Number of protein chains: 2
Amino acid sequence: MAKVSIKEVAKQARVSAATVSRALSTPKLVNDKTLTRVLKAVKDTGYKPNRFGASLRTQKSGNVVVVMPDITNQVNAGIIRAIENEAMQAGYSVLLGDTQNIEARESHYGDMVTSGQADGILVFTPRIPFPVDENRQAFHDLPPLVNSCEEIPDDNINKVLIDNKAGAMAAVNHLISLGHKRIAAIKGPSFTPSTESRLVGYKEALNDAGIVIDDRYIITGDYGTDSGVVAMEKLLRLKNRPTAVFCFSDDMAIGAMNTLREYDFKIPEDISIMGFDDISYAKLMSPTLTTIKQPLEDIGRESMRMLLALMKGEQTTCKSITLPFELVIRQSTGPVPTS
Amino acid sequence: MAKVSIKEVAKQARVSAATVSRALSTPKLVNDKTLTRVLKAVKDTGYKPNRFGASLRTQKSGNVVVVMPDITNQVNAGIIRAIENEAMQAGYSVLLGDTQNIEARESHYGDMVTSGQADGILVFTPRIPFPVDENRQAFHDLPPLVNSCEEIPDDNINKVLIDNKAGAMAAVNHLISLGHKRIAAIKGPSFTPSTESRLVGYKEALNDAGIVIDDRYIITGDYGTDSGVVAMEKLLRLKNRPTAVFCFSDDMAIGAMNTLREYDFKIPEDISIMGFDDISYAKLMSPTLTTIKQPLEDIGRESMRMLLALMKGEQTTCKSITLPFELVIRQSTGPVPTS
DNA sequence: ATACTAAATGAAAACGATTTCATGAGTTGT
DNA sequence: ACAACTCATGAAATCGTTTTCATTTAGTAT
C-alpha cells in the first residue's frame, strides 16, 4: 500500500534503478523484454514515482500557481476552469491561490514560484506577488509569469487582457444611442486597473457625445452584489436621478437591479442598467441583463498557453495580447424615458 | 535572483548548513548571535528554502488536494474559499482539482496523495479517486481523506455531510403546508448520492402526507441552470401541471423560473418554486428564491479541520459529521392557487 | 583541579528520483 | 578475425534539505 521506492521495483525486476527510471520516462531506451518485466514489477508493487525526488533532480515541479483575488466570483471561476483544462493537457497541475486581495497571501503564493515549488505563475491581481529586482531589464529576468485581467503597470511583463476602456466606451455609447444623457457609473475599487481603464472609457464616451461629467454620478463599489445594492441606493437619492447606470460588473448590476425592484422602479422603462462580464446569470435575470461579454474561456486558455510557452522557453519576446469583448444587448436597457 | 541554496547561506554566515536549517525551522536551538548572523545572510542572499529538498527528507509536502466536480458552481466556490482559508492558517497549500466528473481527472488528482505530493485529500465527488485495497478494514488504511457533500458509500471513510434527505423533506413539507398537492421535483443526476438522498426525502414527505407519487413529476437535470430550463419546459407540457416544483439546486430553480417567466406564469401565484443550496444569487432573483440553505463555509471549514486532524494523527476514529441545513422562505413559494 | 552536564555546532547520512559516464554484449563491415 | 559501431545496462553522482550523532566549548558541582 505504502512507500515503495524505485529500488524495490528495481529489485523485483532484477534491474537497476536507472533502468526503471528509463522504462517509465523514456521507454525507447530500454529493451522490450526488460521493459515488460519492469512494467510488471511496477504494477505488482503499486509503485508511484515520488515527485519530490524527481523534482529535486530535474528542477521542474510540474506545477503552476494561479493567483486570483476571488474565486467565488463567477468570472474568475470560469477562467480557472479554462486554465486548468489547458494546464492538465500539458501535464501541469494547478496550485490555486485565492488571495482575497490580501498582500500576505499573494506573497505566499508568489514564493512558491521563487522557491521552485512551481515552474510558472499566472497573476490576476494588479501586483507581482514577490519581490523583484527593480532595475531589471526584461521579462525574462522574472520566472515565467503571465499577468491577466488586472494589468500590472510594467511593460516588461507578459499580459493577456481585454480592452477595458473600449469595452466601457461601447457600453456607454450603447446607452447614449438610446438617448440617455444622465448616465451614472458604478465602478470598482480604485486599486484595480480594470476599473480605472473602464472609468477612462466611460468619461471619454461621454465627452465625445458632449455630455458633461457629473462626479455625483460616479459611485465606487467593490465588484460584488452587495455593493451594487448600496451604490444604487445612493443614486436614487440624487435630485437629478440618472436614467441609465453602467455597472462595471454584472454582480453590481444585479445588486443595482435588486434595489430598483425594491423601490418599484421599472427596468428599463424608468432606468436602464448595464453590466460588464456576462456571467452565466446575466441572461437569467429578470429582466435579462445587457452587458459587455468577456471571453472568459479564451482568457484562461490564452493565459495558460502563454505561460506554457514561456516555461518551455518557446517565447522569447515579451508579449501582450488583447482579446475581443462583445456588447450583448438584452432587456435591461431601453430608450430614455420621455417624461 | 535565482538558485541560492542553503550552502551559500551557510558560507556567508560562516556556519554549517545544519545551523542554517535550524535557524530557520527551530531557532531556539541556535545561539542568538549566530542566529542574527544567519538571518542576515538569508536576507542578503535572498534565500528561499527549496521545498522539494525539504519534502524529500521529511516526507511531508505541505499540500492538500481538493477534488471537486465543478468549481464554476457557486456552491463549490464558496466551499473552496473556506477550505483555503483554513488550510492556509495551518500552513498548507491547496491543490485544486476540477474534475468535471471525468474519472481520469479524479485519478490524476488522487495520485497526488498516493505519490506523496500531497499529505491529504478532500473528496467532493462520490468516488475515491485512487485504487484502494478493497479488503481494507479501517479508515486509516487510506491516506488522510475526508469525503464531503457527495457521500461515498463506504463506512470506513471520514465524512462531512448535510442531511440531504431531511433537507428535501423540509422543502416538500414547506410546500405541503402551503396546500400544494401536485409537487414536482427537478432532481440531479442519478450518480450523485446527494440527489438520491433528496429524492428519498421528497418521496417520504409526500408519502407521509398521503400524496401519491407520480413519476411524471420527477425530471432529471444536471444541477445546472440550462437543465432547469429544459426540465421546466417538460413539466409545463403535462396535462396536470404541478402547482409547485422542488428543484434540487438553486441553479436549476433559476433555470425553471426563467422558463416560467418566458411562458408568462406568475411565481408563486401560478406555480411555486423551491431551490436547494442558497447560493448568493438566490436572494437576488425576482422573485427571491425560497430554498434550503447549505452551510457552505461550515462545510469547507469542518472538512479541512478534520483533514488537518487526520494528518496530524490527532483523530484516531472514523468520524462522520452532519451539519445543519436551514429552510429559507422567500418569495418564490406561496399558497396553492385556488382555481 | 576533576568530573560531569548542558548548550551550540558541524560532519555526514539519509530521502528518491534522474542522468552522466563507462562498460559489456551484439552487429556489421572489412 | 578485428575494428568500429550501436544498444542496453549499471554504478555512482547529484539535486537541497533535515536530522542523527559526535564533538567542542563553557559552565557547574564536587
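No hydrogens, no waters, no symmetry mates; every other heavy atom, side chains included, goes into these values. Please read all numbers here as calculations on a predicted model, not as lab measurements. Residue numbers start from 1 in every chain, and the chains themselves are labelled A, B, ... in the order their sequence lines are given, proteins ahead of strands.
Judged by distance alone, the side chains of B:Thr125 and B:Glu150 never bring a donor and an acceptor atom under 3.5 Å apart.
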Exercise for the section: Can you check each nucleotide of nucleotides 14-21 of chain C against protein heavy atoms at under 4.0 Å and return B for base, S for sugar-phosphate only, - for none, in 5' to 3' order? Expected result: BBBSBBB-

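Applying the side-chain hydrogen bond (donor to acceptor under 3.5 Å, both in side chains) test to every pair with at least one member in residues 61-88 of chain A, sequence neighbours left out, gives these pairs: A:Ser61-A:Asp119, A:Asp70-A:Thr72, A:Asp70-B:Arg81, A:Gln74-A:Ser280, A:Arg81-B:Asp70, A:Arg81-B:Asp98, A:Glu84-B:Tyr109, A:Asn85-B:Gln100, A:Asn85-B:Arg105, A:Glu86-A:Arg305.
The closest donor-acceptor contact from the side chain of A:Asn147 to the backbone of A:Lys159 lies at 3.5 Å or more, if one exists at all. A donor-acceptor pair under 3.5 Å is absent between the side-chain atoms of A:Ser115 and the main chain of B:Asn50, judged by distance alone.
At least one side-chain heavy atom of B:Ile299 sits under 4.5 Å from a side-chain heavy atom of B:Leu323.
Between the CG atom of B:Asn31 and the P atom of D:dA26 there is a distance of 12 Å, given to the nearest Å. Atom CG in B:Leu29 sits roughly 15 Å away from atom P in C:dA6 (whole-Å rounding).
Counting non-hydrogen atoms under 4.0 angstrom, B:Thr34 reaches the backbone sugars and phosphates but no base.
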